[in-house]
2 protein chains.
Amino acid sequence: MALEHAILVSLLEQPGSGYELARRFDRSIGYFWTATHQQIYRVLKRMENDGWVDVREVAQDGRPDKKEYSVAEAGRSALSGWLRDPVEPETIRHDLAVKIRAVAFDDPSALIAEVVRHREIHVARLEHFLEGEKRDFPDPGALGTRQTLQHAVLRGGIAFQRMHIEWLDDVLATLHRLRPDN
Amino acid sequence: MALEHAILVSLLEQPGSGYELARRFDRSIGYFWTATHQQIYRVLKRMENDGWVDVREVAQDGRPDKKEYSVAEAGRSALSGWLRDPVEPETIRHDLAVKIRAVAFDDPSALIAEVVRHREIHVARLEHFLEGEKRDFPDPGALGTRQTLQHAVLRGGIAFQRMHIEWLDDVLATLHRLRPDN
DNA sequence: GTTGCCTATGCAACTGAGTGCATAGCAGAG
DNA sequence: CTCTGCTATGCACTCAGTTGCATAGGCAAC
């Protein structure tokens, strides 16, 4: 499980509240890890009990108070230990692949629309990533350690989206070959 | 959830027992979906209760009896309905990406070994996929519908592994640039 | 002054998936 | 004739993650 560790990294990059973390998980960190605010609050509570993070009540004006979390020494060493632990590559779960094979027993037309829809989603994500790259890493030669690493991860996301789009084009061509009338 | 549907597709391609399904999930279907035998037996039981599959006790010689499952009409229409239902692209969960960003707060050396290990795993998978491609689709021009679709899915797996290997090379170069002495 | 929206935190219930363990038939090695 | 290993099925426990719901402060629009 890496949600704890993703939160630790995010809090090391910038301390913040559960709400702020949830928003980050919609943005940069969310490029490669997702979490809802409920999960984040639950895990933060557990991490607080385990002494991995420190909490500080912060009064804000114009907004409700928030609890600002920051990484404690125990959290830092937990992260350090995890970094030394081997993790297995994520197991692949791909609904669309199941659907594609299922077309052998059903009508392809519905799937073509679905594949086109997925392609659009991946194109949108790619554009989103490329915008983020242009905004955050305009001069890749002049980055600090943290930015260099963030950029490497983002390049992974970009490569993933591009690969996906190419493959979906391949799938669409295959489906059309099976059904030349569509 | 698509495990049910992956099982339906697999049983449509070829009826079989839970044990046989588990082995298929280590091979062709496992290229893009994984499941342990416990999961498969549990889901098969549920699918049987829901009338999605039919069971037939088969006596074998030299081996224990098995239950051979095949897709019932209700299962076929459930699959058909699911095909028409939009599914969302899988959420990305990438431990390694978390680890890469974490390196900003720790020593890179341990991660380099981990990245090399992951690269080896993906190279092995790529070779495995390419062998499967050579074995099962030696003449891509002369395939039936089912094989054409299976091949398209396999090409996706191949593209995924290649993309991953290239990205890990990129990451390794980045890590070495940060630590020229390693 | 009520309605809608954003910030902010959280509980409860459910579900999917993983881990560990148990059982049993049968074969071949030693 | 026992041990190892493969085939074959399954239960129990645990945990991560999703969904739905609840609460509450403050702001702006109408």
Side-chain angles (χ1 to χ4, degrees), chain A residues 1-8 11 15-27 29-30 32-50 53 55-69 82 87-95 98, chain B residues 1-8 11 15-27 29-30 32-50 53 55-69 82 87-95 98:
Chain A
M1 221 268 294
L3 179 54
E4 273 100 333
H5 306 107
I7 289 176
L8 285 174
L11 289 180
S17 68
Y19 190 82
E20 285 161 352
L21 282 170
R23 276 188 308 182
R24 291 183 211 168
F25 274 77
D26 284 336
R27 297 175 37 250
I29 311 257
F32 53 88
W33 203 274
T34 58
T36 60
H37 74 272
Q38 288 90 340
Q39 276 177 69
I40 290 167
Y41 283 121
R42 202 189 316 144
V43 171
L44 275 174
K45 183 131 291 187
R46 184 168 67 231
M47 289 166 79
E48 191 190 333
N49 290 335
D50 294 346
V53 290
V55 202
R56 200 169 59 95
E57 285 273 346
V58 177
Q60 307 184 102
D61 56 84
R63 302 176 170 192
D65 299 352
K66 66 173 181 178
K67 296 182 182 177
E68 195 182 76
Y69 291 89
W82 177 69
V87 293
E88 289 319 299
E90 294 296 307
T91 56
I92 308 155
R93 292 282 158 89
H94 210 300
D95 298 83
V98 178
Chain B
M1 220 270 294
L3 179 54
E4 274 98 333
H5 307 107
I7 288 175
L8 286 173
L11 288 179
S17 68
Y19 190 82
E20 285 161 353
L21 282 170
R23 277 187 308 182
R24 291 183 211 168
F25 274 76
D26 283 338
R27 298 175 39 251
I29 312 256
F32 53 87
W33 202 276
T34 59
T36 60
H37 75 272
Q38 288 91 339
Q39 277 177 67
I40 291 167
Y41 283 122
R42 204 188 314 146
V43 172
L44 276 174
K45 182 131 291 184
R46 184 168 68 232
M47 290 167 78
E48 191 191 334
N49 290 336
D50 293 347
V53 290
V55 202
R56 199 168 59 96
E57 285 272 347
V58 177
Q60 307 185 103
D61 55 85
R63 301 175 171 194
D65 298 353
K66 66 172 180 179
K67 296 183 181 175
E68 196 182 75
Y69 290 89
W82 177 69
V87 292
E88 289 319 300
E90 295 295 309
T91 56
I92 307 157
R93 293 280 159 90
H94 211 302
D95 299 83
V98 178

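Since the structure is predicted, the reported quantities are computational estimates derived from the model, not experimental observations. So that the names make sense, note that chain A is the first sequence line, chain B the second, and so on, each numbered from 1.
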Looking at B:Tyr19, I'd like to know whether one of its side-chain N or O atoms comes within less than 4.0 Å of OP1 or OP2 on D:dT9. no
Does A:Gln60 make a side-chain donor-acceptor contact with the base of D:dG26, cut-off 3.5 Å? no
On DNA chain D, nearest-nucleotide positions of A:Asp61 versus A:Ala2: which is more 5'? A:Ala2
Donor/acceptor link under 3.5 angstrom from A:Gln38 side chain onto base of C:dG10: yes
CD1 of A:Ile7 to CG of A:Leu44, rounded to nearest 0.5 Å, is 5.0 Å
Nearest whole Å is fine: how far is D:dA16 P from B:Arg93 CZ? 12 Å
Checking only heavy atoms, does the side chain of A:Arg42 share a donor-acceptor pair with the base of D:dT19 at less than 3.5 Å? no
Residue met sooner reading DNA chain D from 5', once B:Asp65 and A:Ala35 are mapped to nucleotides: B:Asp65
Listed nucleotide nearest any side-chain atom of B:Arg63, set D:dG17, C:dG10, D:dT7: D:dT7
Would you please confirm or rule out a distance under 4.0 Å between OP1 or OP2 of C:dG10 and any side-chain N or O of A:Lys67? yes
What is the separation between atom NZ on A:Lys66 and atom P on D:dG26, rounded to the nearest whole Å? 16 Å
Below the 4.0 Å mark, does C:dT7 have OP1 or OP2 next to a side-chain nitrogen or oxygen of A:Ser17? no
Separation of D:dC11 atom P from B:Ile40 atom CD1, nearest Å, is 15 Å
Between D:dT19, C:dT9, D:dG10, which one does the side chain of A:Thr36 approach most closely? D:dT19
Non-hydrogen atoms of B:Ala22 and B:His37 that approach each other most closely: CB-CB, 3.9 Å
Using whole Å, report how far CD of A:Glu57 lies from C1' of D:dG25. 14 Å
A:Tyr41 OH to D:dT18 P, in whole Å, measures 16 Å
Counting only side-chain heavy atoms from C-beta out, which of D:dT9, C:dA8, C:dG20 sits nearest to B:His37? D:dT9
Nearest whole angstrom, please: distance from the P of C:dA12 to the NZ of A:Lys45. 12 Å
Between CE on residue A:Met47 and CZ on residue A:Arg42, distance to nearest 0.5 Å: 14.0 Å
Rounded to whole Å, NE2 of B:His5 lies from P of C:dG16 at a distance of 11 Å
Distance check needed: C:dC11 P versus A:Gln39 CD, whole Å only. 15 Å
Side chains of A:Asp95 and B:Trp33: closer than 4.5 Å at any heavy-atom pair? yes
For A:Arg93 and B:Thr34, indicate whether the former's side chain and the latter's backbone hold a donor-acceptor pair under 3.5 Å. yes
